[in-house]
Colleague: 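First the structure, then my questions, so here it is.
Heavy-atom basis, side chains included; hydrogens, waters and symmetry copies ignored.
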Amino acid sequence: MEPTGNLPNAEYRRFEGMVEYEAVIDGLIPQTQRDIRVFDRSLPRAWNASRRYEALRQFLLASRVNRLLIVVHDAEPIERECPRVVDLVRQFSTAVRVHETLSPAKHVYDPFAVFDSSHYVHRFHYQYLRAAQGTNDVIGAQQLIDRFSEIWDASARAVSADTSGL
């Protein structure tokens with residue numbers, strides 16, 4: 001990792017590959033203290049893995065203020081391919097929200113996940129495997145948090161606690 005210049009321990013590194021992208025997410029979930037924000041075209045099946053489900057469940061059980069916020073362009077496959085995510089929505093209805101983008105935000109093409117206010121993983125385009133990880137990178141994380149807020153504002157709830165089909 002290379003220093004970013006924003007904090008003494010901030011690091012930024014680029015990598016290629018979905019396996020590493022998903023491994024970074026899995027590694028950051030247990031370190032998260034408050035918020036996980038996820039944006040993607042659709043939620044990959046890795047979100048339905050039992051290991052990730054359990055890590056997210058433990059994160060949500062750790063504190064009532066913990067939040068998992070997800071925005072996708074296409075939420076329909078979540079019920080079919082990620083029933084564990086639907087189960088998290090049901091179990092933690094006040095802490096887990098899944099939204100789908102509305103037409104003003106459908107042009108956003110770079111998936112990312114932000115953990116608290118300082119760690120993130122960011123793919124530069126959903127069709128390509130190039131990605132970056134920021135650790136203790138408050139400046140980079142804040143840029144993605146601001147972007148997430150804009151996407152969130154241009155979205156609507158897509159999966160609710162009463163969704164059936166588990």
Side-chain angles (χ1 to χ4, degrees), residues 4 6 10 12-16 18 20-29 31-49 52-53 55-56 59-60 65-82 84-90 92-161 163:
T4 64
N6 73 20
Y12 177 86
R13 73 176 181 98
R14 291 181 181 230
F15 61 91
E16 293 192 26
M18 281 303 293
E20 188 169 1
Y21 181 81
E22 297 299 345
V24 169
I25 290 173
D26 288 335
L28 288 171
I29 291 170
Q31 298 176 36
T32 306
Q33 299 295 309
R34 174 109 186 206
D35 299 301
I36 299 174
R37 297 170 184 92
V38 178
F39 167 71
D40 210 325
R41 183 172 167 223
S42 62
L43 210 55
R45 288 188 180 166
W47 286 90
N48 195 55
R52 184 170 297 177
Y53 167 80
L56 289 168
F59 162 74
L60 293 163
V65 299
N66 287 359
R67 297 289 178 260
L68 171 60
L69 305 175
I70 299 170
V71 181
V72 293
H73 286 317
D74 183 11
E76 188 271 326
I78 292 174
E79 292 179 39
R80 183 179 62 251
E81 297 174 10
C82 298
R84 289 184 172 116
V85 172
V86 176
D87 190 47
L88 289 172
V89 172
R90 185 182 55 74
F92 304 96
S93 60
T94 60
V96 180
R97 297 273 191 260
V98 178
H99 280 207
E100 184 173 272
T101 55
L102 302 172
S103 57
K106 293 286 186 188
H107 68 282
V108 182
Y109 54 83
D110 56 325
F112 59 87
V114 182
F115 303 84
D116 291 329
S117 314
S118 57
H119 309 303
Y120 61 87
V121 61
H122 182 200
R123 282 179 41 218
F124 302 114
H125 193 285
Y126 65 84
Q127 291 181 330
Y128 305 111
L129 300 178
R130 291 178 310 182
Q133 175 185 2
T135 306
N136 300 312
D137 184 357
V138 176
I139 293 170
Q142 187 59 53
Q143 291 171 345
L144 290 173
I145 290 169
D146 293 345
R147 188 135 189 242
F148 184 87
S149 293
E150 292 172 0
I151 296 167
W152 186 264
D153 290 344
S155 69
R157 184 176 278 186
V159 178
S160 64
T163 301

Colleague: Of the non-hydrogen atoms in Cys82 and Trp47, which two are nearest, and what is the gap between them?
Modeller: SG-CB, 4.5 Å
Colleague: Considering residues at least two apart in sequence or located in another chain, which fulfil the side-chain hydrogen bond (donor to acceptor under 3.5 Å, both in side chains) criterion with Thr32?
Modeller: none
Colleague: Can you tell me which residue pairs pass the salt bridge (charged side-chain N to carboxylate O under 4.0 Å, His left out) test with a partner in residues 92-107, sequence neighbours excluded?
Modeller: none
Colleague: Kindly give the heavy-atom pair with the smallest separation between Arg157 and Ser160, and that separation in Å.
Modeller: CD-CB, 4.4 Å
Colleague: Within a strict 4.5 Å, meaning less than it, do heavy atoms of the His99 and Asp153 side chains meet?
Modeller: no
Colleague: For Phe124, what residues pass the ring pair (Phe, Tyr, Trp, His ring centres under 6.0 Å) criterion, not counting sequence neighbours?
Modeller: His122
Colleague: Quick one: does Ser93's side chain have a donor or acceptor within less than 3.5 Å of a partner on Val89's backbone?
Modeller: no
Colleague: With sequence neighbours excluded, what pairs up with Arg52 under the side-chain hydrogen bond (donor to acceptor under 3.5 Å, both in side chains) test?
Modeller: Glu22, Asp26
Colleague: Any side-chain donor paired with an acceptor under 3.5 Å for Thr135 and His119?
Modeller: no
Colleague: Using salt bridge (charged side-chain N to carboxylate O under 4.0 Å, His left out), reason through Asp87 and Arg90 one step at a time and then give a plain yes or no.
Modeller: CA-CA 5 Å; Asp87 190 47; Arg90 185 182 55 74; 2.3 Å; yes
Colleague: Under the rule for side-chain hydrogen bond (donor to acceptor under 3.5 Å, both in side chains), what residues qualify as partners of Gln33, not counting sequence neighbours?
Modeller: none
Colleague: Less than 4.5 Å apart, any side-chain heavy atom of Ile151 and any of Phe112?
Modeller: yes
Colleague: Show, in sequence, the C-alpha distance, side-chain angles and deciding distance for Ile78 and Val72, and conclude whether the side-chain contact (heavy atoms from CB on, under 4.5 Å) test is met.
Modeller: CA-CA 10 Å; Ile78 292 174; Val72 293; 4.1 Å; yes
Colleague: How long is the gap from CD on Glu16 to CZ on Arg130, to the nearest 0.5 Å?
Modeller: 7.0 Å
Colleague: Are the side chains of Val85 and Val159 in touch, meaning some heavy atoms are under 4.5 Å apart?
Modeller: no
Colleague: Check whether more than 12 heavy atoms from other residues, nucleotides or ligands sit under 6.0 Å from atom CZ of Phe15, and answer yes or no.
Modeller: yes
Colleague: Would you give the length of the straight line joining atom CZ of Phe148 to atom CD1 of Ile70, rounded to the nearest 0.5 angstrom?
Modeller: 8.5 Å
Colleague: Tyr53 vs Asn48, test: side chain to side chain donor-acceptor pair (under 3.5 Å). Steps then yes/no.
Modeller: CA-CA 6 Å; Tyr53 167 80; Asn48 195 55; over 6 Å; no
Colleague: Might you work through the side-chain contact (heavy atoms from CB on, under 4.5 Å) test for Thr101 and Val108, ending with a clear yes or no?
Modeller: CA-CA 9 Å; Thr101 55; Val108 182; over 6 Å; no
Colleague: Compile the donor-acceptor pairs under 3.5 Å between side chains in residues 36-46 and protein atoms, sequence neighbours left out, one pair per line.
Modeller:
residue	atom	partner	partner atom	Å
Arg37	NH1	Asp116	O	3.4

Colleague: Between Phe115 and Val121, what is the shortest heavy-atom contact and its length?
Modeller: CE1-CG1, 4.4 Å
Colleague: Quick one: does Asn66's side chain have a donor or acceptor within less than 3.5 Å of a partner on Phe59's backbone?
Modeller: yes
Colleague: Is the Lys NZ or Arg CZ of Arg123 less than 6.0 Å from the centre of Tyr21's six-membered ring, within 45° of the axis?
Modeller: yes
Colleague: Looking only at non-hydrogen atoms, find the nearest pair between Ala141 and Ser117 and report the distance.
Modeller: CB-O, 3.3 Å
Colleague: In Å and rounded to the nearest 0.5 Å, what is the CD1 to CG distance from Ile139 to Leu144?
Modeller: 12.5 Å
